[in-house]
2 protein chains.
Amino acid sequence: MIDSIEADGPVPKYVQLADILEQRITAGELLPNKPLPSEKFLMAEYGVARGTARRAVEVLRDRDLVFTVPQRGTFVKPKDS
Amino acid sequence: MIDSIEADGPVPKYVQLADILEQRITAGELLPNKPLPSEKFLMAEYGVARGTARRAVEVLRDRDLVFTVPQRGTFVKPKDS
DNA sequence: GTACATTTGTTCGTATGTATA
DNA sequence: GTATACATACGAACAAATGTA
C-alpha cells in the first residue's frame, strides 16, 4: 500500500500521487461520479505544489479513471463509460 | 511611504498590497471594527486580480491585523484582542 | 415574499519566472 | 537541453450568505 509521497525517489511525485489516488478509487474509497479531492486539498494532504497535484489528476484522466468538468471539479468515472 | 504596486520587483504584489493596507491601518485611516475595502474594490483601486487581493487579505489575517466574516467582509481588529 | 446587489468561498484554466536534477 | 517542482499572477465561473429595495 502506497500512502505517502517520497521526494528523492525514481518516481516523480505526480506519478506517486496519481498511483495513490488510483488505489483510493479501485479500493472504493472514492466513488463513481463523486468528486476527487480538490487540488487545494491534495496540496495540503500530500504536501505537494498545485502544479504537481494538477499533473497527477492529468495522469488519472489519461488512465481514463476520472473526468474533469471545467469550473466544477474532477470526478471518478463510472465503470461503464 | 508605499502607495503603489510594482509588477517586476522582488516583492510579490500580494505582499506589497498587504503592506500598503497595513500602513493604512496603523496610520488610523482604516479603523478598528470597520470594514477593509472589499476584494472587488481592491481590484479596482490597485489594479490587481481577485486572487491577489484575497492573498493580501490572507496575509493581514496571518499578521493578526484583521478578521473576516463570510459574506460580510473583512474588518480591522481592535487593538485589545 | 421576491428580486437584486454585494461579498466572500471555491474551483478550474492558463501563463510566466525561477530553481533544481 | 529536458523534466520536474514551486511561486506568482491573471481570468473566469459558480455557490452561498447577507442586506436591501
Side-chain angles (χ1 to χ4, degrees), chain A residues 2 4-22 24-25 30-77, chain B residues 2 4-22 24-25 30-77:
Chain A
I2 318 161
S4 67
I5 293 181
E6 201 177 11
D8 296 317
V11 182
K13 283 188 178 182
Y14 73 96
V15 176
Q16 293 183 55
L17 180 50
D19 289 341
I20 289 173
L21 293 174
E22 176 165 358
R24 291 175 64 179
I25 291 171
L30 297 171
L31 298 172
N33 289 314
K34 291 289 184 180
L36 244 64
S38 73
E39 293 172 353
K40 191 175 185 178
F41 193 88
L42 293 176
M43 290 169 68
E45 193 172 12
Y46 296 101
V48 295
R50 191 177 171 207
T52 305
R54 286 181 63 80
R55 281 185 182 81
V57 173
E58 198 181 342
V59 168
L60 294 178
R61 273 198 299 273
D62 291 343
R63 292 180 187 170
D64 222 48
L65 292 170
V66 302
F67 61 99
T68 296
V69 181
Q71 273 72 53
R72 297 293 304 126
T74 296
F75 303 84
V76 180
K77 269 202 180 182
Chain B
I2 318 161
S4 69
I5 293 182
E6 199 178 13
D8 294 317
V11 183
K13 283 189 178 182
Y14 73 94
V15 176
Q16 295 182 54
L17 179 50
D19 290 341
I20 289 172
L21 292 173
E22 177 167 357
R24 291 176 63 180
I25 291 171
L30 297 171
L31 298 173
N33 289 313
K34 291 289 184 180
L36 243 65
S38 73
E39 294 170 356
K40 192 176 183 178
F41 193 89
L42 292 175
M43 290 169 68
E45 191 172 13
Y46 294 101
V48 295
R50 196 184 163 201
T52 306
R54 283 183 65 79
R55 292 194 69 179
V57 173
E58 198 182 341
V59 168
L60 294 179
R61 274 197 300 272
D62 290 342
R63 292 181 186 171
D64 223 50
L65 293 169
V66 302
F67 62 99
T68 296
V69 181
Q71 275 71 58
R72 294 293 304 128
T74 295
F75 302 84
V76 180
K77 270 202 178 181

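We name chains A, B, ... by the order of the sequence lines, and we start the count at 1 in each one. Side chains are part of it too, since the values below use all heavy atoms of this structure and drop only hydrogens, waters and symmetry mates.
Read 5' to 3', the first and last nucleotides of DNA chain C with an atom closer than 4.0 Å to a heavy atom of chain A are dT11(C) to dT14(C).
The two atoms that bring Ala53(B) and Leu17(B) nearest to each other are CA-CD2, 4.0 Å, heavy atoms only. Closest heavy-atom contact between Ala18(A) and Ala56(A): CB-O, 3.7 Å.
The partner of dG1(D) is absent, by the rule that a Watson-Crick or G-U pair needs both atom distances under 3.5 Å.
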Check: residues 44-51 of chain A side-chain donor-acceptor pairs under 3.5 Å, at least two apart:
residue	atom	partner	partner atom	Å
Tyr46(A)	OH	Arg24(A)	NH1	2.8
Arg50(A)	NE	Glu39(A)	OE1	2.7
Arg50(A)	NH2	Glu39(A)	OE1	3.1

In B/S/- notation (B base, S sugar-phosphate only, - none; protein heavy atoms under 4.0 Å), nucleotides 4-14 of chain D written 5' to 3' is SSS-SSBSBB-
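Contacts of Arg63(B) classified as side-chain hydrogen bond (donor to acceptor under 3.5 Å, both in side chains), with partners at least two apart in sequence or in another chain: Asp19(B), Glu22(B). The side-chain contact (heavy atoms from CB on, under 4.5 Å) test applied to Glu58(B) returns Arg55(B), Arg61(B), not counting sequence neighbours.
Taking the side chain as every heavy atom from C-beta outward, Leu36(B) and Val76(B) approach each other to under 4.5 Å.
If you check every strand for non-hydrogen atoms under 4.0 Å, Glu39(B) touches a base.
For residues 48-76 of chain A, every residue pair satisfying the ring-ring contact (aromatic ring centres under 6.0 Å, His included) rule, not counting sequence neighbours, is listed here: Phe67(A)-Phe75(A).
The CD atom of Gln16(A) lies 8.0 Å from the OG atom of Ser4(A); values are rounded to the nearest 0.5 Å.
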